[in-house]
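Notes follow once the structure below has been shown.
Numbering starts at 1 and runs along the sequence shown.
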Amino acid sequence: MPAACESVLEDIEDIVSAQDLKPHERRSVRRNVFPKVRKRSSHKDIQADDDPPSDSIIPGAQKIWIRTWGCSHNNSDGEYMAGQLAAYGYKITENSAEADLWLLNSCTVKNPAEDHFRNSIKKAQEGNKKVVLAGCVPQAQPRQDYLKGLSIIGVQQIDRVVEVVEETIKGHSVRLLGQKKDNGKRLGGARLDLPKIRKNPLIEIISINTGCLNACTYCKTKHARGDLASYPIEELVDRAKQSFQEGVCEIWLTSEDTGAYGRDIGTDLPTLLWKLVEAVPEGAMLRLGMTNPPYILEHLEEMAKILNHPRVYAFLHIPVQSASDSVLMDMKREYCVADFKQVVDFLKEKVPGITIATDIICGFPGETDEDFQETMKLVEQYRFPSLFINQFYPRPGTPAAKMHQVPAAVKKRRTKDLSQLFHSYNPYDHKVGERQRVLVTEESFDSNYYVAHNRFYEQVLVPKDPLLMGKMVEVNIYEAGKHFMKGQPESDARVYTASITRPLAKGEVSGLTEVSKRHFLLYYTMKHFHASVCSWPTRRLALSSWPCALLGL
């Protein structure tokens, strides 16, 4: 939920599974590794015999800076990559200047996000940093000029980030962009039980599926994430249970379209949610991610029951994008405005007080003034407390980029008009004086408050009392703003502790027991040692003792 004060937002039992590449397959994959050619234009350029080759650098000793843009799915991917690198021995740093390598995890939804990504690559190169690129931009368009010669890890290959970073540090360019499959069937992505460093130790982000079933004409993410591929229910439940055992008190379910979950594996979202709810302890909460109208329509009754559950936030993000059926048709959204209203009206009736968040695109190709006025009327009718307003940006390679564009000045004016309408009402004024139970999970962007959320996932700012962090507490609402309320804990309030155990410290690796840590390190270290032991005597000597040092043997 947007707010001025809001932050911009297991165990590895079998690291070598049946789905992993066999040794001979791994050798064939090395055709994607392109060593940089050393120019030898003069005698002084020739490497001295006493100097070790570039790939004699021992990986695992460098500092890595990770930057992630975009959705919660992307953030989860970034957390998994950080966890694996830390488990291998790399130091994850928040100081970009001191880092040896930058791992840039990109978002391709809008032009500005890609611009930031491109500028970061340039800055890294100017600072002589090694660079590995991840996320949806290079996955969707790996042949762009500004990506040439740089290492890329695909959105389904994040479980091999250690290998890519290792080769990049040695001076090679690596690109892993394939799809994960099992007997020809596309998988949801990397394993859920990989090591992870949560950005917030109290919040676990679980991707329940990747890709979607739609073909929206404006969407570039589809080019990167592909068609729907869902994780099995038992794997998702296991991940949730592990998270609570590590002190997590809030779980976010995420994907490109949570409503479509399970259609590819013979199940559905309500079935998953009922199983997950059983794993949520008292004092902890489950938050559902974005779902498109067509798929929620089929499960309205069950979804209303789930959203009424005391351990599930009564919150749902349902993008409408436009209130014009003709525009929705050009977008290929596969629903009409009446479908969206049916979903919202039903949930508002059956789940009193529910928060409905939605998205709107201003200035989609072909949008007339009359179309836009219909959108304005929809916002006026529902007065959404959370509204994500996006000016249309034509993304390269999408059908919408080839359509007749609305003039830039018109798009800007419509975006401004809708923003003014949104800021003309205050959704929380009537809640002043209420007593609410809230879950405290993070610090505000200005560091003056702690941020909590009530039953409807509405943001409530509370005093910075360390005893409240990670707890559910009753507060009295004494002030309301556009995007938040302020609450004061009641003197007689009960405090609920959801955590089964102490939360992990910031930067601590999730799911890394001593046994799995040794397994993880041994796997990658011996792989590296075996591949290079004959190439350089100095490295042979260093690596012969390296596994034991890292493993604490």
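- A donor-acceptor contact shorter than 3.5 Å is absent between the side chain of Asn426 and the backbone of Tyr428.
- Side-chain atoms of Thr358 come within 3.5 Å of backbone N or O of Ile318 as a donor-acceptor pair.
- In this structure, Lys464 places its NZ atom where more than 12 heavy-atom neighbours from other residues, nucleotides or ligands lie under 6.0 Å away.
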Checking Arg287 against Tyr457 for the side chain to side chain donor-acceptor pair (under 3.5 Å) test, could you report, in this order, the C-alpha distance in whole Å, the side-chain angles of both residues, the deciding distance, and whether it holds?
CA-CA 8 Å; Arg287 192 195 81 171; Tyr457 203 70; 3.2 Å; yes
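- Contact check for Leu103 versus Val161: side-chain heavy atoms found under the 4.5 Å cut-off.
- Atom CD of Glu98 has more than 12 heavy atoms from other residues, nucleotides or ligands within 6.0 Å.
- Between Arg225 and Asp77, at least one side-chain N (NZ, or NE/NH1/NH2) sits under 4.0 Å from a carboxylate O, which counts as a salt bridge.
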For the pair Tyr313 and Glu250, evaluate side chain to side chain donor-acceptor pair (under 3.5 Å) and give the outcome as yes or no after the intermediate values.
CA-CA 10 Å; Tyr313 285 117; Glu250 185 171 287; 2.6 Å; yes
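- For the atom pair Thr210 OG1 and Asp227 CG, the distance stands at 10.5 Å (nearest 0.5 Å).
- Looking only at distances, no side-chain donor or acceptor of Asp159 sits under 3.5 Å from a matching main-chain atom of Ala190.
- Taking the six-membered ring wherever Trp is involved, the centroid distance between the rings of Phe315 and His453 does not fall below 6.0 Å.
- Checked by atom type and distance alone, the side chain of Lys486 never pairs as donor or acceptor with a backbone atom of Ala480 at under 3.5 Å.
- Between the side chain of Asn308 and the backbone N or O of Lys350, at least one donor-acceptor pair lies under 3.5 Å.
- Contact detail for Leu273 and Ile306: the closest heavy-atom pair is CB-CD1, 3.7 Å.
- Separating the CG atom in Leu288 from the CG atom in Leu276 is a distance of 9.0 Å, to the nearest 0.5 Å.
- Residues Leu194 and Tyr80 come closest through the heavy atom pair O-CE2, 3.5 Å.
- A donor-acceptor pair under 3.5 Å links the side-chain atoms of Thr258 to the main chain of Met290, judged by distance alone.
- Under the 3.5 Å distance criterion, the side-chain polar atoms of Lys506 are matched with a main-chain donor or acceptor of Lys199.
- A salt bridge does not link Glu434 to Lys431: none of the charged nitrogens lies less than 4.0 Å from a carboxylate oxygen.
- Under the 3.5 Å distance criterion, the side-chain polar atoms of Ser207 are left unmatched by any main-chain donor or acceptor of Asn209.
- By the 6.0 Å and 45° rule, Lys482 stacks over the aromatic ring of Phe422.
- Between Val451 and Val440 there is no side-chain heavy-atom pair separated by less than 4.5 Å.
- In this structure, Asn74 and Ser106 approach most closely via the heavy-atom pair ND2-O, 2.5 Å.
- No hydrogens or angles considered: nothing links the side chains of Trp69 and Glu114 as a donor-acceptor pair under 3.5 Å.
- Note that Arg263 lies outside the cation-pi zone of Tyr295, set by a 6.0 Å cut-off to the ring centre and a 45° limit from the axis.
- With a 6.0 Å radius and a threshold of 12 heavy atoms from other residues, nucleotides or ligands, His299 has its NE2 atom above the threshold.
- The number of heavy atoms from other shown groups lying within 6.0 Å of NZ (Lys275) does not exceed 12.
- Side-chain N/O atoms of Asn75 and Ser72 include no donor and acceptor closer than 3.5 Å.
- The main-chain N or O of Thr271 is found under 3.5 Å from a side-chain atom of Asp268 such that the two form a donor-acceptor pair.
- For residues 470-480, the pairs satisfying side-chain hydrogen bond (donor to acceptor under 3.5 Å, both in side chains) are Arg435-Glu474, with sequence neighbours left out.
- Looking at heavy atoms from C-beta onward, Ser151 lies out of side-chain contact with Arg175 at the 4.5 angstrom threshold.
- When all heavy atoms are compared, the tightest approach of Val131 to Thr168 is O-CG2, 3.6 Å.
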Please step through salt bridge (charged side-chain N to carboxylate O under 4.0 Å, His left out) for the pair Glu204 and Arg198, ending with a clear verdict.
CA-CA 7 Å; Glu204 166 71 0; Arg198 299 184 182 96; 2.6 Å; yes
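- Between Leu85 and Val162 the shortest side-chain heavy-atom distance falls below 4.5 Å.
- Side-chain atoms of Gln459 do not come within 3.5 Å of backbone N or O of Phe484 as any donor-acceptor pair.
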